[in-house]
**Student:** 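Questions regarding the structure given below will be posed in turn.
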Amino acid sequence: MQPALGRLTPSQRAKVTPFRAKVLDALCQVPRGKVTTYKYLSKHVGCNSSQAIGQALKHNPFAPEVPCHRVVKTDRTIGGFSGSISGPKIDKKISLLRGEGVDFSEDGTVEAACVYRFE
DNA sequence: ATTATGACTTATT
DNA sequence: GAATAAGCCATAA
């Protein structure tokens with residue numbers, strides 16, 4: 001069964017800006033085995049800047065609690081992780097996603113079927 | 001308030 | 001297809 005897609009706890013909300021809280025909360029709605037994109041998130045939280053989303057996630061204060069590794073770029077390339085856009089951390093991100101059942105193409109892009117669009 | 005930065009995106013060269 | 005520029009918006013200094 002899917003893990004309880006919790007939301008951000010009040011404590012967590014209190015530690016970040018309202019915008020980040022909204023982003024993280026939305027992120028917690030992404031089911032295990034799926035990913036979302038910066039753009040979908042940005043749209044979901046009501047701004048039109050994926051860059052702002054990236055900013056919100058780059059210093060993720062709630063590392064494993066909030067599945068920040070379930071966010072990829074709009075073209076379904078891997079995006080960044082732990083403050084880096086490439087390197088060993090990215091490799092770890094891929095491993096995590098694979099461990100959750102996300103499929104990758106040979107390009108290192110995520111399969112379209114694994115993208116969660118906040119339907 | 002103003003400036004600089006960035007895990008982005010799109011258009012242009 | 002890679003490199004650059006411009007647009008975007010929240011954050012930190």
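Heavy atoms only: backbone and side chains are in, while hydrogens, waters and symmetry mates are out. So that the names make sense, note that chain A is the first sequence line, chain B the second, and so on, each numbered from 1.
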**Student:** Identify which nucleotide among C:dC9, B:dT9, B:dG6 has an atom closest to any side-chain atom of A:Ser50, counting heavy atoms from C-beta outward.
**Tutor:** B:dT9
**Student:** In whole angstrom, what separates A:Tyr40's OH from B:dT9's P?
**Tutor:** 12 Å
**Student:** Using atom NE2 of A:His44 as one end and atom P of B:dC8 as the other, report the distance to the nearest whole Å.
**Tutor:**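 Result: 21 Å.
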**Student:** Here's a test of your reading of the structure: between A:Gln55 and A:Thr77, which maps to the more 5' nucleotide of DNA chain B?
**Tutor:** A:Gln55
**Student:** By the 4.0 Å heavy-atom rule, please label A:Lys73 as base, sugar-phosphate, or nothing.
**Tutor:**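 Sugar-phosphate contact only.
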**Student:** Output the single nucleotide from B:dA7, C:dG7, C:dT11 whose closest atom is nearest the side chain of A:Arg20.
**Tutor:**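 Among the listed nucleotides, the one closest to the side chain of A:Arg20 is C:dT11.
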**Student:** Please state how far atom CG in A:Leu24 lies from atom P in C:dA10, giving the value in whole angstrom units.
**Tutor:**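 Those two atoms, CG and P, are 15 Å apart.
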**Student:** What is the distance from NZ of A:Lys92 to P of B:dA7, rounded to the nearest Å?
**Tutor:**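 So the two atoms are 21 Å apart, to the nearest Å.
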**Student:** Using a 4.0 Å heavy-atom cut-off, does A:Leu57 contact any base of the nucleic acid, only the sugar-phosphate backbone, or nothing at all?
**Tutor:**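 Since a base atom lies under 4.0 Å of A:Leu57, the category is base.
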**Student:** Using the rule given for side chain to side chain contact (heavy atoms under 4.5 Å, CB included), can you reason through A:Leu57 versus A:Tyr38, listing the C-alpha separation, both sets of side-chain angles and the distance that settles it, and then say yes or no?
**Tutor:** CA-CA 10 Å; A:Leu57 299 183; A:Tyr38 296 100; 4.2 Å; yes
**Student:** Can you tell me the distance, in whole Å, between the CG atom of A:Asn48 and the C1' atom of C:dA10?
**Tutor:** 14 Å
**Student:** Is a salt bridge present between A:Arg76 and A:Glu111, judged by a nitrogen-to-oxygen distance below 4.0 Å?
**Tutor:** no
**Student:** A:Thr74 side chain: which of C:dC9, B:dA7, B:dT9 is closest?
**Tutor:** B:dT9
**Student:** Nearest-Å distance, CD1 (A:Ile94) to C1' (B:dA7)?
**Tutor:** 14 Å
**Student:** Less than 3.5 Å apart, any donor N or O on the side chain of A:Thr77 or A:Asp75 sitting next to an acceptor on the other?
**Tutor:**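 Yes, A:Asp75 and A:Thr77 have a side-chain donor paired with an acceptor closer than 3.5 Å.
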**Student:** Could you tell me whether the phosphate oxygens of C:dC8, OP1 or OP2, come under 4.0 Å of any side-chain nitrogen or oxygen in A:Lys39?
**Tutor:** no
**Student:** Please check this pair: side chain of A:Lys73 against backbone of A:Thr37, looking for a donor-acceptor N/O pair closer than 3.5 Å.
**Tutor:** no
**Student:** Between C:dC8 atom C1' and A:Tyr38 atom OH, what is the distance in whole Å?
**Tutor:**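 Atom-to-atom, A:Tyr38 to C:dC8, this comes out as 16 Å.
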**Student:** More than 12 heavy atoms of other residues, nucleotides or ligands under 6.0 Å from CD1 of A:Ile94: yes or no?
**Tutor:** yes
**Student:** Looking for any heavy atom pair under 4.0 Å, which part of the strands does A:Gly79 touch: base, sugar-phosphate only, or nothing?
**Tutor:** nothing
**Student:** For A:Ile78 and B:dA7, give me the distance from atom CD1 to atom P, rounded to whole Å.
**Tutor:**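 After rounding, the reported distance stands at 15 Å.
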**Student:** Looking at the side chain of A:Gln51, which of B:dA7, C:dA10, C:dG7 is the nearest nucleotide?
**Tutor:**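 Taking heavy atoms from C-beta onward, the closest nucleotide is C:dG7.
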